Amino acid sequence: EVRATVLSGFDSVGELLACFTAGATLVVAPNDVFGGDELAALIARESVTNVVMTPTALMTVDPTGLDTVRSVVVGGDVCPPELATRWSGKLRNAYGPTETTVIVTITPALAHGDTVTIGSPLRGVSALILDARLRPVPRGVRGDLYLTGPGLARGYHERPGVTAERFVANPYGEPGSRMYRTGDVVRWSGRHDVPADSVEYVGRSDFQVKVRGFRVELGEIDAVLSADDRVEFAVTVGAPGPDGDTALAAYVLPAPGAVIEPEDMTAVVADHLPAHMVPSAVIVLDEIPLTPIGKLDRRALPEPEFVTTRTEYRAPTTDLERALAGVFEDVLGLDRVSVDESFFELGGNSLSATRVVSRAGAVVGSRVGVRELFEAPSVAELAADEHL
């Protein structure tokens, strides 16, 4: 006998059709069972063979002893690589908005070490990755995901404005055809270990934030953190910092048996991404807050504490350091700046950085670029730059 489980009834039409057309028994998790041991007990008690749920909820379930489970399909949220390891050979990552009648892309069964994408388009589905001018982007380049196919909805009931914004004319289809703008930023994968038409998820366009004048894809930070063996789950948000500007806060859930120090996670991101993408705060979670349908409840995440850590003051020792410290102090409006303090941690941003490099160039008598300041953000580092 084939059985299936559904965690939520939000997008359950696919699960209902798949279950009943196979003559299977459908097991629906009660509203008060969100995950963990209770959900594992339900799966074991009902001898469930096919599991369908969000990755966030599945991460709370220990597969040990769930021997009846043959297939696991996750969707509705970002799937961390840890899940592919935990459910090796059984887990497939699916993607699909409600507006396209749910699943439109899916991966083959993933194993330990496999690249986690959102898979390839199903038969009858066309995925278009376009730039801001609706032109196809090259492989490996980020773009907005648009979907077409017979499962596309007509629109939103009695909401013509939102319908016109999301369901747009398809310049690559038959006259009169439409495509759905998902709001997701993706790219065609260029990796050799996945099918050529695999799509890599980058993040939500509405999860972009501006930090120090730079537009940041929060999903890229999550991907770097999640790739660390100590991290089971990671999510990054933008929040008002001590100076009122947007700062980055990363939330991480340790892998079983792992101990995470926030500064270690900051270093991990700093090794892979530019300085403006390094979180100002890292919060270690005991558990992932979930909504009633098993997705991450962002509003339930604890408030980040941004601690401005001023280093012990160290005075300039050379004429160049004194001159650069004076520039930092004037631009930032500070009485004094230690030569070891980062310009950006003191409240600098990309706009004020241009003022610093302009004045610094006049002081040193040579051209100083903003890039140099980002790579050497303290007085001591900038003074030691061999190009000055």
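Quick caveat, the model's predicted, so the values are computed rather than measured. This chain uses plain numbering: 1 for the first residue, then up along the sequence.
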message: Let me confirm one number: the CG-CZ distance from L147 to R178, rounded to the nearest 0.5 Å.
response: 13.0 Å
message: Please determine whether a side-chain nitrogen of the Lys or Arg among D264 and R230 lies less than 4.0 Å from a carboxylate oxygen of the Asp or Glu.
response: yes
query: L128 versus N170: any side-chain heavy-atom pair under 4.5 Å?
result: yes
task: Please lay out, stage by stage, how E341 and S338 fare under the test side chain to side chain donor-acceptor pair (under 3.5 Å).
output: CA-CA 5 Å; E341 290 181 299; S338 170; 4.7 Å; no
query: Does T107 reach the side chain of N93, with side-chain heavy atoms less than 4.5 Å apart?
result: yes
task: Compare all side-chain heavy atoms of L91 with those of V74 and state whether any distance is below 4.5 angstrom.
output: yes
query: Thinking salt bridges, do R142 and E200 make one under a 4.0 Å N-O criterion?
result: no
statement: On a heavy-atom basis, the closest approach of T148 and M179 is CG2-CB, 3.2 Å
message: Is it the case that over 12 heavy atoms from other parts of the model lie below 6.0 angstrom from the CG atom of D193?
response: yes
- prompt: So does R139 have more than 12 non-hydrogen atoms from other groups sitting under 6.0 Å from CZ?
  reply: yes
message: Please evaluate residues S120 and D197 with respect to the criterion side chain to side chain donor-acceptor pair (under 3.5 Å), reporting the C-alpha separation (whole Å), side-chain torsions for both, the decisive distance (0.1 Å), and the verdict.
response: CA-CA 6 Å; S120 305; D197 58 349; 2.7 Å; yes
Lys/Arg N to Asp/Glu carboxylate O, K295 vs D77, below 4.0 Å: no
- request: Decide if atom CD of E287 counts as having more than 12 heavy atoms of other residues, nucleotides or ligands within a radius under 6.0 Å.
  value: no
message: Taking atom CD as the centre, does E263 end up with more than 12 heavy-atom neighbours from other residues, nucleotides or ligands that are less than 6.0 angstrom away?
response: yes
task: Determine, stepwise, if the pair V104 / L122 fulfils side-chain contact (heavy atoms from CB on, under 4.5 Å).
output: CA-CA 6 Å; V104 289; L122 299 179; 5.6 Å; no
message: Go through it in stages, so that I can follow the logic: the residues are Y180 and Y146, the test is ring pair (Phe, Tyr, Trp, His ring centres under 6.0 Å), and I'd like the CA-CA distance, side-chain angles, deciding distance and then a yes or no.
response: CA-CA 5 Å; Y180 173 67; Y146 292 79; 8.7 Å; no
message: Quick check for you: to the nearest 0.5 Å, what is the distance between L218 atom CG and L248 atom CG?
response: 6.5 Å
Validation row: L225, D228 side chains within 4.5 angstrom (heavy atoms): no
message: Could you check whether any side-chain heavy atom of F328 comes within less than 4.5 Å of a side-chain heavy atom of V379, counting everything from C-beta outward?
response: yes
- prompt: Is the cationic atom of R154 (NZ for Lys, CZ for Arg) positioned less than 6.0 Å from the six-membered ring centroid of F167 and within 45 degrees of its normal?
  reply: no
message: Looking at E165 and R181, is there a salt bridge between them, counting it only when a charged N and a carboxylate O are closer than 4.0 Å?
response: yes
message: Between L16 and L26, is there a side-chain heavy-atom distance shorter than 4.5 Å?
response: yes
message: Could you check whether R204 pairs with D184 (Lys NZ or Arg NE/NH1/NH2 to Asp/Glu carboxylate O, under 4.0 Å)?
response: yes
- request: Kindly check if the number of other-residue, nucleotide or ligand heavy atoms within 6.0 Å of CG (D271) is above 12?
  value: yes
query: Quick check: does any side chain N or O of T105 sit under 3.5 Å from a backbone N or O of I118, one acting as donor and the other as acceptor?
result: yes
- prompt: After noting the C-alpha distance and the side-chain angles of D222 and T236, does the key distance pass the side chain to side chain donor-acceptor pair (under 3.5 Å) rule?
  reply: CA-CA 6 Å; D222 299 343; T236 308; 2.7 Å; yes
